[in-house]
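Below is one structure, written out as structure tokens, with a few remarks after it.
For this chain, numbers begin at 1 and follow the sequence in order.
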Amino acid sequence: MSNSSASTGNVVVIDSGLSSAWNTGRLVYQHDFYGNDNDVMVANANTHGALVTAEILENAPDVGIIALKVMPDDGSGASEANIEKALQWVVANADAYNITAVNLSLGGGAQTTAATTTISDELAALAAKRVLTVAAAGNSGDGGATQTVSSYAADVNQICVSASTGDGAFPSWAQRSPSLTDVCADGTDVRITNLSGVTYTANGSSFAAPAVTAAVAKAQQAWVEQTGTRLTQSEFLDLARSTGKAMGTAGYFELDTDALLAKIAQSAPVTTAQSATTITVNASGAPAGGVNAHFKLLVDGKTVGQATVDPAAKDYSFTTNLTADQAHKVQVQYDNDGSVNGQDRNLFVNKVTINGAAHSPTAANVTYDKGALDGKDVVKGQSSMWWGGTLVVDAPAKDFPAQTAPANTAITVNASGAAAGGVNAHFNLLVDGKAIGGATVGTAAKDFTFATNLTADQAHKVQVQYDNDAVVNGQDRSLFVNKVTINGHAVAPTASNVTYDKGALDGKDVVKGQAGLWWNGTLVVDADKSWFPSAGTGAVASALSAGHSAAQSADGQDTVWQHLVAQGLEAAPSHGDHATSFYDVVPPVDAYAHAAALLEHHPDPLHPLDAV
């Protein structure tokens, strides 16, 4: 199949496959990651993925479709491992296939705060490429009594879509959260017509997300025509908010695609100088009930990243692009304060460093906004955050210098590790000694991708720093680096331009590069300046924190939602949320056979399953 781009680019649908009964548009590429073949067509005429794809095409008929199947033919559920494989393909092929958006109408879990999963590093890599991922918020709502979204939808590097009624209200089954929902779209009685002219009505956030995915594709086309580059996730959401329709519930808005596109057409964007910004939070925490303290990093109220904090003080680094030569508010939001069996969970912030400028938590330009970030209950800054609240650094304009000749740089580290004492190996990625991000490495080799802006046409040192070497009960924890890829230039750890600096990164105890990092130390790649060409317009670098990047079982097998089980959340396989988004049909047809079995776990009180 050709990978030539449609006028609005190509959209990836990661779902249950396609059906010959429905419009598949211009099918650019297909692959079945469940069956490991190149055929995503299934016998089920009304398979979930076919309906989702058809809805995208009804809203954006010019897009090319890339169908990645991650479920068995009956659509009964998807493992996170298959979803991750599909996303890894998207990361590797996003440029070659001109991919502008990814649709994830998949459900599972109930998150109240921003969360990471094993696909978080892929989502970050796609956000850095300005490929926007749209995720359904889920259908396990309870009339808004609790405010949660699906675990996939809670990741900061995707667009979380909650289902609305299309007229300013929520169906009772819609999962939503004022802090996690990015946009709402009609997910009730959505009309979709098959190739035979039969019209179905579908319900669920599975069918709210495709409307947003189509809007992303059309907005990207319009933006490219005006600027020569794509929208970032934050830029798209800013446009969507400014043109959307306010809902009856404060803090939410419904997508208005026509108004969004009209605004793009009416006003050419004003190019502003950008500051490629690295923010490092040095923090520690006191756990309670076996759960460590957690914080989100925001800038001017927008989430940049998040991290779970160890009892030992440690640097947590994030990268983003901000308007240059302008003051910004850098906000460390402690969001899981609690007391369990007499243990008091607390966060301790020791220092916040912005582009090399260090700010003490007790400095004159730092305040602590207790509780909600609302400008109330504000006191002087302090290191110990005893209550949920936000430490706010009023950072001056000089902390955000304009970047000259920005270069959009992607760095991928392929690595694996040997665990000890139940703890996997961890590394930080630095460039020229400045932290870019980090990852915890499982026993299976995997790509960990980071994005940042670096000075163009200049050589840089790319440094993989292994920082938790240990021997526990005879088990030796080690890190194995198989390859480092910098803007497409692959480097073996034993290449002539690679060295290994044992212990501290100080230029001492330096030996030839090697794959096995048996001791704490840093693998250093001396990258030539030709690897960092001038990019013209710099892409917003994705926020990357030094958090866990993978969930792996002791025997190396994939464990769906293992990272959630460890936090005491419900363990359940991911599935297309058609289990709760039952659709009515004229004339009626057989709904998913497994839906009835799942109904009691995923009730849809407005649209119960009728036996036919």
Got more than 12 heavy atoms from elsewhere within 6.0 Å of CZ, R241? yes
Would the number of heavy atoms belonging to other residues, nucleotides or ligands and lying under 6.0 Å from CZ of F170 be above 12? yes
If you look only at pairs with a residue in residues 31-59, which of them pass as a salt bridge (charged side-chain N to carboxylate O under 4.0 Å, His left out), with sequence neighbours excluded? D32-K69
Would a distance-only check, ignoring hydrogens and angles, find a side-chain to backbone donor-acceptor pair under 3.5 Å from [X] to [Y]?
X: Q111; Y: S151; answer: no
X: R130; Y: R230; answer: yes
X: D142; Y: T146; answer: yes
X: T232; Y: E235; answer: yes
X: Q233; Y: Q158; answer: yes
X: S19; Y: A21; answer: yes
X: N203; Y: D189; answer: yes
X: Q30; Y: V40; answer: yes
X: R477; Y: V423; answer: yes
X: S164; Y: G166; answer: yes

Heavy-atom distance under 4.5 Å between the side chains of [X] and [Y], does that happen here?
X: R26; Y: N10; answer: yes
X: T201; Y: V190; answer: no
X: D121; Y: F450; answer: no
X: L132; Y: V102; answer: no
X: D256; Y: D258; answer: yes
X: I99; Y: I66; answer: yes
X: Y152; Y: E80; answer: yes
X: Y34; Y: M71; answer: no

Stepwise side chain to side chain contact (heavy atoms under 4.5 Å, CB included) test for R176 and Q147: CA-CA 6 Å; R176 69 267 200 186; Q147 296 175 336; 5.7 Å; no
Do the side-chain N and O atoms of [X] and [Y] include a donor-acceptor pair separated by under 3.5 angstrom?
X: D186; Y: T188; answer: yes
X: S16; Y: T47; answer: yes
X: S177; Y: S179; answer: yes
X: N38; Y: H31; answer: yes
X: D447; Y: N414; answer: yes
X: T485; Y: T412; answer: no

Going through the checks in order, is the side chain to side chain contact (heavy atoms under 4.5 Å, CB included) test met by L429 and V413? CA-CA 9 Å; L429 181 73; V413 179; 4.1 Å; yes
Looking only at heavy atoms, the pair that brings A490 and K483 closest together is CB-CD, 3.8 Å
From the list N93, L104, V90, side-chain contact (heavy atoms from CB on, under 4.5 Å) with V12 holds only for V90
State which residue, out of V216, T53, T213, fulfils the side-chain contact (heavy atoms from CB on, under 4.5 Å) condition with V11. T213
Side chain to side chain contact (heavy atoms under 4.5 Å, CB included) against [X], all qualifying residues, sequence neighbours excluded:
X: L261; answer: K218, A219, T257
X: N292; answer: P287, T308, D310, P311
X: A54; answer: W22, I192
X: A163; answer: W173, A174, S205, A208

List the steps and the verdict of side chain to side chain contact (heavy atoms under 4.5 Å, CB included) for V42 and L18. CA-CA 6 Å; V42 300; L18 299 177; over 6 Å; no
ring-ring contact (aromatic ring centres under 6.0 Å, His included) contacts in which one or both residues fall within residues 52-89, not counting sequence neighbours: Y29-W89, W89-Y97
Any ion pair linking K302 and D238 (charged N to carboxylate O, less than 4.0 Å)? yes
Pair L231, F236 - check side chain to side chain contact (heavy atoms under 4.5 Å, CB included), show working. CA-CA 6 Å; L231 291 160; F236 173 82; 4.3 Å; yes
